[in-house]
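In what follows, every heavy atom counts, from backbone to side chain, and hydrogens, waters and symmetry copies are set aside. Note that the structure is a prediction, hence the values are computed from the model and not measured.
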Amino acid sequence: MRLFTVIAFCCAILSLVSAKLRVGLSVVLLSCVSLSTAYATPILILGDSLGASYGVSPEQGWVNLLQQKMPQHTFINGSVSGETSAGGLRRLPALLESTSPKLVLVELGGNDGLRGFPPKQLKENLTKIIQLSQKQGAKVLLSEVMVPPNYGPRYAKQFSAVYSELADEFQVTLIPFFMEPIAIDPNLMQRDGIHPNADAQPIITEFVYPWISKAL
């Protein structure tokens with residue numbers, strides 16, 4: 001009889017210890033989740049229609065796909081269709097203040113080129129964008145942008161040079177233009193011949209992903 005009493009007592013102790021362990025583990029897990037959320041790296045995408053995934057649902061866009069691929073970080077898509085470098089510059093201070101990003105990916109200039117704006121003006125705007133971001137303490141990734149060849153080789157060369165010059169001057173990483181391999185494939189483009197379609201979004205995601213991963 002005494003043996004059964006001892007066994008029952010031991011089982012009760014084990015049950016209590018097990019319950020406490022489960023509670024302890026739950027607290028630890030919740031703490032880890034809270035810490036993960038608290039220390040998530042805010043990443044700001046400052047772009048135009050290419051960043052905003054024009055003509056594609058937000059869920060299919062490459063910025064959202066990056067968020068799914070990197071759930072430990074927080075992606076803020078500050079891209080606006082039709083945006084110029086000047087427009088991005090005007091919006092940047094408020095975005096920096098509200099999001100405090102640790103990394104800013106700048107994808108601007110396409111609309112400057114399409115409107116034939118002087119490359120000097122583009123460089124001035126991008127310079128200020130980089131300076132403001134760095135002053136905030138954020139790393140900067142600068143995405144190269146190219147204009148269509150029908151704008152003339154001289155303008156295209158001056159336009160493209162802006163990005164390499166800024167990368168050297170401010171020691172920021174220059175990402176090759178992600179549209180270059182996509183634009184030549186009509187199956188990946190929308191009817192306007194300018195914007196990538198839904199099928200192109202995962203390709204852009206895989207293209208940009210290693211650059212962001214390396215920068216973090």
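In terms of modelled atom types and a separation under 3.5 Å, the side chain of Ser79 and the main chain of Gly47 share a donor-acceptor contact. In this structure, the side chain of Asp112 does not engage the main chain of Pro119 through any donor-acceptor pair within 3.5 Å. Between the Asn64 side chain and the Glu59 main chain, a donor and an acceptor come within less than 3.5 Å of each other. Put simply, the side chain of Asn111 never gets that close to the backbone of Leu114: no donor and acceptor are under 3.5 Å apart.
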Query - Worked verdict on Glu83 versus Leu46 for side-chain contact (heavy atoms from CB on, under 4.5 Å) - result: CA-CA 10 Å; Glu83 189 69 288; Leu46 185 69; over 6 Å; no
Requested in this report: Let me see the working for Phe170 and Thr127 under side-chain contact (heavy atoms from CB on, under 4.5 Å), right down to the final yes or no.
Outcome: CA-CA 9 Å; Phe170 291 98; Thr127 293; 3.5 Å; yes
Query raised in the report: Can you check side-chain hydrogen bond (donor to acceptor under 3.5 Å, both in side chains) on Ser57 and Gln60, steps first, answer last?
Result: CA-CA 5 Å; Ser57 69; Gln60 293 177 303; 3.0 Å; yes
Requested in this report: With side-chain contact (heavy atoms from CB on, under 4.5 Å) as the test, would you mind laying out the steps for Met70 and Ser213 before giving the verdict?
Outcome: CA-CA 9 Å; Met70 307 174 75; Ser213 296; 3.8 Å; yes
Query raised in the report: Checking side-chain contact (heavy atoms from CB on, under 4.5 Å) for the pair Gln190/Val56: CA distance, chi angles, key distance, verdict?
Result: CA-CA 10 Å; Gln190 296 181 40; Val56 178; 3.9 Å; yes
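Applying the ring-ring contact (aromatic ring centres under 6.0 Å, His included) rule to Phe75 yields no partners; only residues at least two apart in sequence or on another chain are considered. Residues passing the salt bridge (Lys or Arg N to Asp or Glu O under 4.0 Å) test with Arg90, sequence neighbours excluded: none.
The heavy-atom pair separating Asp168 from Gln171 by the smallest distance is O-NE2, 2.8 Å. Shortest non-hydrogen contact noted between Ala167 and Leu174 is CB-CB, 3.9 Å. Counting all heavy atoms, side chain and backbone alike, Ala138 lies closest to Pro101 at CB-O, 3.4 Å. Residue Gly110 comes nearest to Asp48 through the heavy atom pair N-OD2, 3.8 Å, listed as atom of the first residue, atom of the second, then distance. The two residues Leu105 and Ser143 have their closest heavy-atom pair at CD2-CB, 4.3 Å. When all heavy atoms of Leu103 and Ala215 are compared, the closest pair comes out as CD1-CB, 3.9 Å.
A ring-centre distance under 6.0 Å is not found for Phe207 and Trp62.
For the atom pair CZ of Phe178 and CD of Glu107, the computed distance is 4.5 Å after rounding to the nearest 0.5 Å. One distance of note links CD of Glu97 with CD of Gln136; it measures 8.5 Å at 0.5 Å rounding. Rounding to the nearest 0.5 Å gives a distance of 11.5 Å between CD of Gln67 and OG1 of Thr205. For the atom pair OG of Ser85 and NZ of Lys123, the computed distance is 13.5 Å after rounding to the nearest 0.5 Å. The CG atom of Leu122 lies 13.0 Å from the CZ atom of Arg115; values are rounded to the nearest 0.5 Å. Rounded to the nearest 0.5 Å, atoms CG (Leu132) and CG (Leu92) are 5.5 Å apart.
No more than 12 heavy atoms of other residues, nucleotides or ligands shown are found within 6.0 angstrom of OH on Tyr54. The number of heavy-atom neighbours closer than 6.0 Å to CD of Gln131, taken from other residues, nucleotides and ligands shown, is above 12.
Hydrophobic clustering (ILVMFWY, side-chain heavy atoms < 4.5 Å, transitive): Phe177 and Phe117 are in distinct clusters.
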